Amino acid sequence: MAIRCRKCGREAAIMMRQHRLALCEEHYPEWFVEQTERTIRMFRMFDRSERVLVAVSGGKDSLSLWDVLLRLGYAADGLYIGLGIDGGIRYSDQSYEKCRRFVTERWPGARLIVVDVKEVYGETIPEVAARTLRGRDKPCAVCGLIKRYIMNRVAYDGGYAALATGHNLDDEVAVLFGNVMNWQVGYLARQGPVLPASRPGFARKVKPFCRFYERETAAYALLRGIDYIYDECPYAEGSTSIAYKEWLAKLEEERPGTKLRFYLGFLKAREEGQIRFATDEAELHACEKCGQPTSAPGICAFCRLWEKRRPARAVAAPVLSTEG
Ligand code: AMP
Ligand code: FES
Ligand code: ZN
Ligand code: ZN
C-alpha cells in the first residue's frame with residue numbers, strides 16, 4: 001500500500017521515520033523550507049536585515065541551502081572556491097559549472113563570488129599539497145585549511161553577518177562522533193550550528209541544515225530540480241568520516257532518530273551546563289603577513305603554506321570575479 005502525504009493524502013515522495021512524517025512532492029519542499037527557517041531562528045543564526053554568504057561547492061547541500069535562503073528572502077550571496085582538482089572526472093570544473101548554471105538558470109539576480117586558488121595564490125590544491133606534504137598524505141587537510149581561510153576572509157572582508165555552509169546532520173554527527181571517539185575536548189567545546197565571531201577578523205559561521213539528514217537535502221534538490229554534482233571529491237575515498245558515516249547509518253537503520261537525538265542531545269546538555277569542555281583559549285595575534293588572527297608565532301598556517309612561493313596576486317585581494 002502506498003504511503004500517503006500527511007497534508008493532502010496523495011502518494012508520499014518521502015517518509016521520514018524519525019519524525020513519523022510522510023509528505024508528497026508538493027508538501028515536502030514546503031516543509032523543508034519552513035524547517036530551515038525554524039533552524040535559523042532557533043539558533044539565532046541571522047535575520048533578514050543582514051547579509052549572508054553561502055559557501056557553495058556545487059553539491060546538493062550547499063546549492064539547496066542557497067536556493068532555500070533565496071526563497072525565504074534572505075540577502076544571500078554565494079562563494080565558490082576553485083580548488084583545481086581533476087581526479088580524472090574534472091571535479092572542480094564540473095563543480096564550478098553547477099554553481100554557475102544554478103545562478104544563470106535559476107537565480108539570475110543572485111551574486112556568485114568566485115575565488116580560484118591557482119589564479120590568486122599560484123597553485124592548485126593538489127600542487128600545494130604535493131609541495132608542502134611531499135606526497136606523504138592526501139591533500140584534504142591542506143584543502144580544509146585553505147577553504148576555511150578563504151571563506152572566513154571573504155565573509156569578514158565583505159562585511160557579511162554570517163558565513164553559511166551546507167553541512168547536514170550526517171556530516172555533523174560524523175564529526176561529533178569522531179570528536180568523542182578521540183576526546184577532542186577543544187572541538188567538543190565549539191562544535192555546533194553557530195560558531196560566533198569571537199574576535200575581530202573572524203566571521204560568524206552557521207549551518208542552517210544541521211537538523212536535516214543527508215537524504216532529506218538530496219530529496220529537496222531532486223524535487224526542486226536542482227542540478228548538482230553527484231561525485232564526491234576524488235580524495236574523499238577511504239576517509240575516516242566516510243567510515244563513521246557507514247557505521248552510524250547502521251545504527252540509524254535499526255533505531256530511526258538515533259543521529260538526531262545524539263546531536264541535539266549533545267547541544268542541549270552542553271547548553272544547559274550538564275556537560276562542559278575546557279576551551280583552548282589560545283592567545284591570538286595578527287598574522288605578520290595577512291593580518292588574520294592566529295595562534296601560530298609570526299605568520300599564520302595559511303601564509304606559511306605559500307612562504308616559499310611568491311603569490312601570483314596580492315594575498316589581500318582574494319576576490320577574483322563576480323558573476324550574476
Ligand atoms: P565538505 O567539507 O566538502 O563536506 O563541504 C562542507 C561545506 O563546505 C559545503 O556544504 C559547502 O558549504 C562548503 N564548501 C565545500 N567545498 C567548497 C568550495 N569548493 N567552494 C565553496 N564552498 C565549499
Ligand atoms: Fe578538498 Fe577533497 S575537497 S581535498
Ligand atoms: Zn501533500
Ligand atoms: Zn596569514
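Throughout, numbering of the chain's residues begins at 1 and tracks the sequence. Keep in mind it's a predicted model, so treat the numbers as computed, not measured. Atoms considered below: every heavy atom in the structure, side chains included; atoms not considered: hydrogens, waters and symmetry mates. We count ligands from 1, going down the list as the structure has it; atoms in each ligand are counted the same way.
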Engineer: Indicate yes or no: does K250 engage E246 in a salt bridge with an N to O separation below 4.0 Å.
Structural biologist: no
Engineer: Check side-chain hydrogen bond (donor to acceptor under 3.5 Å, both in side chains) between R71 and all other residues, then give those that pass, not counting sequence neighbours.
Structural biologist: Y220
Engineer: Is the positively charged end of R270 above the ring of F277, judged by distance under 6.0 angstrom from the centroid and angle within 45° of the axis?
Structural biologist: no
Engineer: Which protein atoms of type N, O or S are found under 2.8 Å from the Zn ion (ligand 4)?
Structural biologist: C287 SG, C290 SG, C300 SG, C303 SG
Engineer: Dump all N/O pairs between ligand 1 and the protein below 3.5 Å as a table: atom names plus distance, one pair per row.
Structural biologist:
{"unit_1": "ligand 1", "atom_1": "10 (O)", "unit_2": "G166", "atom_2": "N", "d": "3.0"}
{"unit_1": "ligand 1", "atom_1": "12 (O)", "unit_2": "A55", "atom_2": "O", "d": "2.6"}
{"unit_1": "ligand 1", "atom_1": "12 (O)", "unit_2": "G166", "atom_2": "N", "d": "3.0"}
{"unit_1": "ligand 1", "atom_1": "19 (N)", "unit_2": "I81", "atom_2": "O", "d": "2.9"}
{"unit_1": "ligand 1", "atom_1": "20 (N)", "unit_2": "V56", "atom_2": "O", "d": "3.3"}
{"unit_1": "ligand 1", "atom_1": "20 (N)", "unit_2": "I81", "atom_2": "N", "d": "3.0"}

Engineer: Would you say the side-chain atoms of D77 and W66 include a donor-acceptor pair closer than 3.5 Å?
Structural biologist: no
Engineer: Can you pull the salt bridge (charged side-chain N to carboxylate O under 4.0 Å, His left out) pairs that have at least one residue in residues 171-181, sequence neighbours excluded?
Structural biologist: D171-K245, E172-K207
Engineer: Strictly below 4.0 Å, N to O, side chains only: are E127 and K118 in salt-bridge contact?
Structural biologist: yes
Engineer: Going through the checks in order, is the salt bridge (charged side-chain N to carboxylate O under 4.0 Å, His left out) test met by E97 and R100?
Structural biologist: CA-CA 5 Å; E97 193 53 24; R100 198 187 60 76; 2.9 Å; yes
Engineer: Do the ring planes of F212 and F32 sit parallel (below 30°), tilted (30 to 60°) or perpendicular (above 60°)?
Structural biologist: parallel
Engineer: Begin from the C-alpha positions of C233 and I85 and carry the test side-chain contact (heavy atoms from CB on, under 4.5 Å) through to its verdict.
Structural biologist: CA-CA 8 Å; C233 166; I85 295 174; 4.2 Å; yes
Engineer: Measure across F266 and Q191 and return the closest heavy-atom pair with its distance rounded to 0.1 Å.
Structural biologist: CE2-O, 3.9 Å
Engineer: For the Zn ion (ligand 3), give me the closest N/O/S atom belonging to H27, just the atom name.
Structural biologist: ND1
